[in-house]
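Position 1 is the first residue of the sequence, and the numbers go up from there.
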Amino acid sequence: MLAESFIAHKLRFKEKLSAGAIAISFFIMIVAVAISAGFRQEIRAGVSAVSGDVLLSSAGFSYYGEDGSISKEQSYLPEIQAYPGVAGIQPAVYRAGIVRNGQDIAGVVFKGVESSDSTLHARVPEHLAGQLGLKEGDKMLSYFIGNKVKMRNFVVEEIYDSLLDTDDAQIVYVPISDMQRLNDWDESQVSALEVTLDRHHTSREAIREATASIGSICALSATESDDIPVAQASSDRFSTLFDWLDLIDFNVTAILILMTIVAGFNMISGLLIMLLRNTSTIGTLKAMGMTSKGIAGVFLRVSARIVLKGLLVGNAAALLFCLIQGTTHLIKLNPANYFVSFVPVSLNVPGVVLADILAFAAIMLLLALPSVFISKVDPAQTMRSE
């Protein structure tokens, strides 16, 4: 073993090209994993901000009228809060409305939330503000159509940057008390209770499982005075978004496999060249009594050194890219096509380490194939050719 390490250390090989190709492959793999995780994190956060991860509402819930309220004071709420993975529960009142500024109008969803904002003050998404030419401090005339048309004149208190900033996802946040008065509800009546899950519940299956468990808690623990709401998972309400995320994950898996194969075959060609150039060395080592397995170990050690060097360079470049993109949002996207306005990145260190280990192991397994060449080398013939 010491002899193999010594020979591998002394063996010289033009490794810059191979190490560069390995570095590019690992860079692409890590960036792909980071972007996939970033999209899932950002879009899930945007969906959660709209209506929570699990929405508890009445069967008659509607955005367009005053019907379908439930009480925010339910006896089973502490049991839901204690459920593993639940990060919080927030009451909300939703109401569809039409916003007007001059001759410009837009349909939006008003969401009443518990806050310290003054009455008739609103937080408006940046997309809507640009569409209607609204600025902080402007009046925002709003119409609500139900049993009769009602009108409110909100003041734009803040313009916020929405993660899901498109025409189909325009949420105006207002104090919950304003929406309750609009619907002629008392302080305990709300449209829904939004249950937010922690960051470990990102997949469609995890959200659905939590939704089913929370729905069971509501049904089994409710008293006669409680409402029994319908539990809806965000992955079902926004199924198109989650289908798109699943497609991204599939593409990332394909990239990982492809880049591992490319890096592996690049190293195979490099190792074959190294073996051909060192045929006489192989013959000499065999003549000195070293086995084919031991000689293969020498060249595999050299190859492993090159792969590790490429891995480290690729990792460093990918981490630098993620740091720059994560802090500056340098690369922009069209939110109409990608749901977010920039390329999101999220580094999952255990995931990166796992990808590195699996890719390294796969490359080394592929490199075992050229080692068969060593067993075919005849030391007598190589010594005569020398």
Side-chain angles (χ1 to χ4, degrees), residues 42-53 55 57 61-70 72 88 90-185 187 189-194 196 232 234 237-238 241 335-336 339-341:
E42 295 292 337
I43 290 178
R44 184 186 174 282
V47 168
S48 182
V50 170
S51 58
D53 297 306
L55 187 70
S57 62
F61 167 71
S62 171
Y63 287 104
Y64 301 100
E66 298 87 357
D67 301 326
S69 69
I70 63 172
K72 67 177 182 180
Q90 174 182 272
V93 177
Y94 305 101
R95 187 70 185 270
I98 298 174
V99 176
R100 177 181 177 182
N101 186 34
Q103 298 300 315
D104 299 319
I105 63 172
V108 301
V109 173
F110 285 84
K111 180 178 178 180
V113 295
E114 294 180 332
S115 68
S116 58
D117 294 343
S118 304
T119 183
L120 292 179
H121 279 62
R123 295 174 57 234
V124 177
E126 186 177 11
H127 185 83
L128 177 65
Q131 182 181 352
L132 299 181
L134 293 170
K135 303 183 298 296
E136 292 184 3
D138 287 353
K139 299 282 188 178
M140 187 177 67
L141 193 60
S142 307
Y143 300 90
F144 301 89
I145 301 173
N147 297 329
K148 59 180 181 179
V149 178
K150 297 182 180 180
M151 184 177 65
R152 294 291 187 274
N153 206 12
F154 289 95
V155 176
V156 179
E157 184 174 62
E158 179 187 348
I159 296 175
Y160 72 93
D161 183 16
S162 173
L163 291 173
L164 303 179
D165 203 2
T166 65
D167 289 330
D168 298 327
Q170 301 197 101
I171 308 295
V172 176
Y173 291 93
V174 297
I176 194 171
S177 56
D178 288 341
M179 291 292 97
Q180 289 171 328
R181 283 192 296 270
L182 179 73
N183 291 343
D184 296 322
W185 291 352
E187 293 182 355
Q189 289 180 282
V190 295
S191 299
L193 296 169
E194 299 177 354
T196 304
Q232 302 176 65
S234 60
R237 297 196 313 277
F238 301 93
L241 284 176
F339 305 105
V340 292
S341 59

Contact list for residues 91-108, test salt bridge (charged side-chain N to carboxylate O under 4.0 Å, His left out), sequence neighbours left out: Glu66-Arg95

Partner set under ring-ring contact (aromatic ring centres under 6.0 Å, His included) for Tyr94, not counting sequence neighbours: Phe61, Tyr63

State, yes or no, whether a side-chain contact exists between [X] and [Y] at a heavy-atom distance under 4.5 Å.
X	Y	answer
Trp185	Ile176	no
Lys150	Asp184	yes
Val50	Val109	no

All N/O donor-acceptor pairs, side-chain side in residues 133-142, below 3.5 Å, sequence neighbours left out:
| unit_1 | atom_1 | unit_2 | atom_2 | d |
| --- | --- | --- | --- | --- |
| Asp138 | OD2 | Lys135 | N | 2.8 |
| Ser142 | OG | Met140 | O | 3.3 |

Donor-acceptor under 3.5 Å ([X] side chain, [Y] main chain):
X	Y	result
Lys72	Leu193	no
Gln189	Ser69	no
Lys111	Ala92	no
Asp178	Thr119	no

About how many Å separate [atom2] of [Y] and [atom1] of [X], when rounded to the nearest 0.5 Å?
X	Y	atom1	atom2	value
Arg123	Glu158	CZ	CD	4.5 Å
Ile43	Ser234	CD1	OG	12.0 Å
Phe154	Phe110	CZ	CZ	5.0 Å
His127	Leu132	NE2	CG	9.5 Å

Kindly write out the residues that satisfy side chain to side chain donor-acceptor pair (under 3.5 Å) with [X], not counting sequence neighbours, or none if the list is empty.
X	answer
Thr196	none
Ser51	Arg237
Gln232	Ser57

Non-hydrogen atoms of Ala122 and Val172 that approach each other most closely: CB-CG1, 3.8 Å

Closest contact, heavy atoms only, Ile70 versus Ser191: CG1-O, 4.3 Å

Pairing residues for Glu187 by the side-chain contact (heavy atoms from CB on, under 4.5 Å) criterion, not counting sequence neighbours: none

